[in-house]
Chemist: 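Shown below is the structure under consideration.
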Amino acid sequence: MEKMIDLNGKSYSVVPEVGTIQQLLEHLGLGDRILIVEKNKEILQKDYYDAPIMDRDQIEIIHFVGGG
Amino acid sequence: MSSKYSRQELFAPIGLVGQQRIREAKVFVLGAGALGSSGAEMLVRAGVGELTIVDRDILEWTNLHRQQLYTEQDVINQLPKAIAAESRLRAINSDVKVRGIVADVTPENVLELFEGHQFILDGTDNIETRLLANDAALQLGIPFFMGACVGSYGLTFPIGVKEGSPCLHCLLEALPPQSLTCDTVGVISPIVVTTAARQTAELLKCITGATMEPRLESVDLWTGERAAMNVQSMKKPGCPSCSDTPVYPYLSANEVMRTAVLCGRDTVQLTWPKNRQVELIPFAESIRDIVSNLKQNPYLVSCEYNDHRLVLFRDGRMLVHGTKDITAARKIVAGLLG
Ligand SMILES: [Zn+2]
């Protein structure tokens, strides 16, 4: 079943093979980035990236970049 | 008499009192590239008392599409950015005491450079210098307004604006061995201006005494994605940079990249700190599309980039051939690794 979440302020349909935050990060090509994840307004510590993604979760991801 | 700043004073959160505070503010702009240009111009127009802008680079044609203080003539004249910025900023607002300094900001000079300023705007282009600035700003108790951008994506974070708030080191649990840079994935000027505007707004708020929060914000102007988080809970009690007993690791030279000109070889050697070892295979993958003649073996990766041959060794040394100029070599490497 397809889940719809709110990702960085936009609705986003999660493909079935993505079940956890970590899998979502990898799916988005952010797996090896330094980043901060917020799930339903709570900052998620790294140890909890195996948390399952639920339908209608609100997820925000900010990754660090070098430029400027 | 209608003041130069009347429309800013009419803005109620600033008012006459806020404008007076802006007038008295001494601001340091770290870097005169894209973010530094844009932020410095806004601060000078706003009428800050003093503005110091520091940069190590010479202007290049590739800068002009996003570095708003500069003209074609500045590039033709091969001006250092700090010098071209100084003259443009003085022309914009003669009320402001503007000083441009041509220098590479290092652990050795950063405290001296920052001292005497009350606010620091981040206009640097790499995370290493940001962490150095984070340590120096914390040691001196000066708020530091971080900003970074590549592509159409930018992020901002104010440091030292609220008692007990996290610092950049708290947020970056580990240093990224490499990060996206404008030299690898490009950048568009709208994200520069957006990012600089957010940094500058936070800085002006802080000058005028507004209530500040440690908010990390990001936006991608191309995709429309955005995020904002209050990161207060990320404060690390044992953070080496902002705990009660800080050691400011990035201010001690062995935590940052060391450099040396190799005698008689027209080569600069850069040595990475132990906490930021570069992995050869991911490094080779990340630069595959932007360098030429890429070769790798278990001991090193070599390639050609911007007319220089680069060799990265497994022990964390990189050689930049074809230059004796440490600043130029650091710049080439910062372009690849961020
Ligand atoms: Zn900290």
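Every chain is numbered from 1, with letters handed out A, B, ... down the list of sequences.
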Chemist: Between B:Ala228, B:Gly154, B:Ser233, which residue shows the highest count of heavy-atom pairs closer than 4.5 Å to chain A?
Modeler: B:Ala228
Chemist: For chain B, which of A:Ile36, A:Ile43, A:Asn8, A:Leu7 has the most heavy-atom pairs under 4.5 Å?
Modeler: A:Asn8
Chemist: Pair B:His65, B:Val187 - check side chain to side chain contact (heavy atoms under 4.5 Å, CB included), show working.
Modeler: CA-CA 9 Å; B:His65 88 287; B:Val187 62; 4.1 Å; yes
Chemist: Checking A:Ile62 against chain B: side chain, backbone, both or neither under 4.5 Å from a heavy atom?
Modeler: both
Chemist: Sequence neighbours left out, what passes side-chain hydrogen bond (donor to acceptor under 3.5 Å, both in side chains) with B:Lys331? Give chain and number order.
Modeler: B:Glu60
Chemist: Among B:Asp125, B:Thr124, B:Asp122, exactly one meets side-chain hydrogen bond (donor to acceptor under 3.5 Å, both in side chains) together with B:Arg130. Which residue is that?
Modeler: B:Asp122
Chemist: Name the region of B:Val185, side chain, backbone, both or neither, that has any atom closer than 4.5 Å to a heavy atom of chain A.
Modeler: neither
Chemist: With a 4.5 angstrom heavy-atom cut-off, could you sort out which part of B:Gln67 is near chain A: side chain, backbone, both or neither?
Modeler: neither
Chemist: Between B:Ser241 and B:Asp135, does any side-chain donor sit less than 3.5 Å from a side-chain acceptor?
Modeler: yes
Chemist: If you tally heavy-atom pairs under 4.5 Å against chain A, which of B:Ala34, B:Cys149, B:Gly31 wins?
Modeler: B:Cys149
Chemist: Any idea which of B:Met229, B:Arg226, B:Glu225 has the most non-hydrogen atom pairs under 4.5 angstrom with chain A?
Modeler: B:Met229
Chemist: Which region of A:Ile61, side chain (C-beta onward) or backbone (N, CA, C, O), has a non-hydrogen atom less than 4.5 Å from a non-hydrogen atom of chain B, or is it both or neither?
Modeler: backbone
Chemist: Report the C-alpha distance between B:Leu310 and B:Leu336 in whole Å, list the side-chain angles of each, state the deciding distance to 0.1 Å, and finish with yes or no for side chain to side chain contact (heavy atoms under 4.5 Å, CB included).
Modeler: CA-CA 11 Å; B:Leu310 310 181; B:Leu336 277 180; 3.4 Å; yes
Chemist: Heavy-atom cut-off 4.5 Å, strictly under: side chain, backbone, both or neither for B:Leu30 against chain A?
Modeler: neither
Chemist: Pick one of side chain, backbone, both or neither for B:Leu216, based on which atoms fall under 4.5 Å of a heavy atom in chain A.
Modeler: both
Chemist: In plain terms, say whether A:Lys39 and A:Glu42 are close enough for a salt bridge, that is, a side-chain N and a carboxylate O under 4.0 Å apart.
Modeler: no
Chemist: Under 4.5 Å heavy-atom distance to chain A, tell me which part of B:Arg66 shows up: side chain, backbone, both or neither.
Modeler: neither
Chemist: Taking only residues two or more places apart in sequence or in another chain, which ones pass side-chain hydrogen bond (donor to acceptor under 3.5 Å, both in side chains) with B:Glu213?
Modeler: B:Lys162, B:Asn230
Chemist: Once you measure the plane-to-plane angle for B:Phe145 and B:Phe119, does it fall in the parallel (<30°), tilted (30-60°) or perpendicular (>60°) bin?
Modeler: tilted
